[in-house]
Each structure stands twice: as C-alpha cells, then as structure tokens.
Amino acid sequence: VNDDFNGASGSNGFFLISNNGLYIFDGAQDVYKSIDDGATWNKIADNFNLGNGAITGVGVDSNNNFWAVDNSADIWSSSDGITWTLAKDDYNGAEGNANAGIIIDSSNSLYVVEDDDDVWKSTNNGINFTKVNDDYNNEGQHAVTIFYFNNLLYIIEGDEDVWVSSDGVSWTMNAVNFNAGNSNVVGASYFN
C-alpha cells in the first residue's frame, strides 16, 4: 500500500494501531499517522522525545493514550501522538538504560522489561515504577519482543522461547523455540 512512507532511509522504528489510525515511530523519533490504511502518511510529531535517544518500545492504553520508553530509561506519554510529555525521567533509578519494550495491560498498568530481564511496573500512569521481578527467566536469554494478549503478558526471547505472566511477577515458559530456530522474532502484535 506504500513503498516509502517517509522518504527517509534507515528509519527503523515501531508500528502501532489505535482507534484513531495507524502510527509509525521512526528511528529519528518522528511520529507519522495514516487514516487511510497506510496509503498516505503525515508527520504529526518531530523528534518527539527531544533527542533523548532511540525509542525501545511503544504502546497504547485503553483510553487511547500513547506510551513510549526510550534508551535513556525515560517514559513518554501523549493523548494524540502530536504533543508528548515526559511522564517519568529514569523510571528505574539509573539502574540501566537498555529496554526490550513496554506493555500496557487492560487496567492500564505499564510494564517495562529491561534487557537484563528485570520487569518494572507502574500502576499510576508512569509516575512511579517498582521492580516486580529482577530476572524473570533465571537464564542467559533476553527478551526481544513483548506484548499483551488475552489478559496475559508475553515475552519472546532471542532463542524463540515464550514466557507468560498474569502479573509481571511470576513467569512460566509457555513454549520452547516456538518457530523451530527459524530466526529471531522482530515483532508481535494482536488486534482486539
């Protein structure tokens, strides 16, 4: 439907679907929106996190608010994708900056999974975060894709193992090498 949505090269980023359209967060932290199923795109925000670093995860809550985490461990929020607010500076208290992404559950709690397998949770719109698990898998594999589906949190690791949790605290392995070593997963999504 579109072979070059923004005319830029090397613009890896995130794709998000909301009730208001389709959104792409590109590698320059610009936000693009389409209301015609991806045929045309308009830039609605330019460098929305003020040069703070690459976005490592985005999500939308049940109130249609956008949430993003960047590689400076900052949490950003927006009600329209145009105007962004720093919701939490350094959510993990300078523990580290590498994140696998952000998940928002049905009660609008925010979960951030760090690259070192820690899981952080906020129940108050990103104002405060608490580490609810300091190594969800107790092994050397790390999360590459995280998502929420059917009231459960999911983590897909680099070895294609799938972990599942209902609360972010307790995690169990749900599938081992689910794609038979085909390759690393680069994204997962659901439509409700």
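All residue numbers in this chain count up from 1 along the given sequence. Just so it is clear, the values below take in all heavy atoms, side chains as well, and ignore hydrogens, waters and symmetry mates.
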Test side-chain contact (heavy atoms from CB on, under 4.5 Å) applied to L153 and Y136, Y148, F147, the passing residue: Y148

Matching residue for N71 among N49, D115, T56 - test: side-chain contact (heavy atoms from CB on, under 4.5 Å): T56

Side chain N63, main chain N65, donor-acceptor under 3.5 Å: no

Contact summary for A68 and V58, nearest pair of heavy atoms: CB-CG1, 4.0 Å

Y32 ring center within less than 6.0 Å of W41 ring center: no

Whether N99 side chain and G101 backbone form a donor-acceptor pair below 3.5 Å: no

Which residues share a side-chain contact (heavy atoms from CB on, under 4.5 Å) with V132, sequence neighbours left out: V119, K121, V169

Non-hydrogen atoms of A45 and G81 that approach each other most closely: CB-O, 3.4 Å

S72 side chain to D74 backbone, donor-acceptor under 3.5 Å: no

Flag if over 12 foreign heavy atoms under 6.0 Å of CG, L152: yes

N174 side chain to V162 backbone, donor-acceptor under 3.5 Å: no

Residue pairs involving residues 125-138 (criterion salt bridge (charged side-chain N to carboxylate O under 4.0 Å, His left out); sequence neighbours excluded): E95-K131, D118-K131

Results of side-chain contact (heavy atoms from CB on, under 4.5 Å) for S107 - residues two or more places apart only: D105, S109

Side-chain donor or acceptor of S78 paired with backbone N/O of D80 under 3.5 Å: yes

W163 ring center within less than 6.0 Å of Y154 ring center: no

Under 3.5 Å donor-acceptor, D161 side chain and N177 backbone: yes

Nearest atoms (heavy-atom pairs only) where S34 meets D37: OG-N, 3.8 Å

Minimum heavy-atom distance V60-S18, with the two atoms named: CG2-CB, 4.2 Å

W120 and Y91 aromatic ring geometry - parallel, tilted or perpendicular at 30°/60° bounds: perpendicular

Donor-acceptor contact below 3.5 Å, side chain T145 vs main chain I156: no

Check: F66 ring centre within less than 6.0 Å of Y23 ring centre: yes

